[in-house]
Amino acid sequence: MKLVIGADHGGFDLKENIKQYLDEQGIAYTDYGTHTPERCDYPVIAKKVAEAVADGTFDRGILVCGTGIGIGIAANKVHGIRAALCHDMFSAEYCRRHNDANILTMGGRVIGPGLAREIVRIFLSTGFDGGRHEVRVNMIKEMDK
Ligand code: RB5
């Protein structure tokens, strides 16, 4: 799976921690920044990551800002993106099983790294259930044209 990750300054520390987890797990990824803790604008990072997922350069993305909200709102403006804000393991599982979410968003000021790592693990390892859920995801895709 080709994975891309990005964050603004509010999510920078958590992004770095998640990268350490991915390294430990031997999971390859590309980091689209931000690369320093200096203040930056989350829509810029969201657009870069979301477009790279939407055009097939990557299969999944992880985006982190302070709350996970702004960066998710921005990512969902890109056609083909289903970004899901997850701060619990149940949501991480079901955004994949029912919504075929292709981007996970989290808030670096909301949850700690232990929970975030578990959410990442579930997001990356859970498949889409398809069936009736595919019918509904296709309805979303129709709205997205
Ligand atoms: C930046 O201060 C903060 O607004 C941003 O990281 C995010 O939480 C926006 O939704």
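Below, each value reflects all heavy atoms present in this structure, side chains not excepted, and no hydrogens, waters or symmetry copies. Note that ligands are numbered from 1 as they come in the structure, with each ligand's atoms numbered from 1 the same way.
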Heavy-atom nearest neighbour of atom 7 (C) of ligand 1 within options Cys65, Ala7, Ala46: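 The nearest heavy atom belongs to Cys65.
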
Proximity of Asp8 to ligand 1 by residue part, where a heavy atom lies under 4.0 Å: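 Only the side chain of Asp8 comes within reach of ligand 1.
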
Partners meeting side chain to side chain donor-acceptor pair (under 3.5 Å) with Lys141 (sequence neighbours left out):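 Lys141 satisfies side chain to side chain donor-acceptor pair (under 3.5 Å) with no residue once adjacent residues are dropped.
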
Set of residues satisfying side chain to side chain donor-acceptor pair (under 3.5 Å) with respect to Arg121, sequence neighbours excluded: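 Residues passing side chain to side chain donor-acceptor pair (under 3.5 Å) with Arg121: Glu118.
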
Quick test: of every protein heavy atom, which one is nearest to [atom], and how far off is it to 0.1 Å?
{"atom": "atom 8 (O) of ligand 1", "answer": "Thr67 N, 3.0 Å"}
{"atom": "atom 9 (C) of ligand 1", "answer": "Tyr42 CE2, 3.5 Å"}
{"atom": "atom 10 (O) of ligand 1", "answer": "Gly70 N, 2.9 Å"}

Plane angle bin for Phe58 and Tyr32 - parallel if under 30°, tilted between 30 and 60°, otherwise perpendicular: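 The arrangement is perpendicular - the two ring planes meet at more than 60°.
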
Element-labelled atoms of ligand 1 that are located less than 4.0 Å from some non-hydrogen atom of His9: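 Matching atoms, with element in brackets: 1 (C), 2 (O).
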
Ligand-side contact atoms (ligand 1) for residue partner Gly66, heavy atom cut-off under 4.0 Å: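 So the answer, numbered in order with elements, is 5 (C), 6 (O), 7 (C), 8 (O).
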
Greater than 12 external heavy atoms within 6.0 Å of Asp41's CG: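 No, because the 6.0 Å sphere around CG of Asp41 holds 12 heavy atoms or fewer from other groups.
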
Residues, nucleotides or ligands: over 12 heavy atoms within 6.0 Å of Lys19 NZ: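 Correct, the count exceeds 12.
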
Spatial distance of atom CD1 (Ile81) from atom CD1 (Ile140) [nearest 0.5 Å]: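 Taking CD1 in Ile81 and CD1 in Ile140, the distance rounds to 12.5 Å.
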
Any Arg109 heavy atom less than 4.0 Å to ligand 1: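 Heavy atoms of Arg109 do come under 4.0 Å of ligand 1.
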
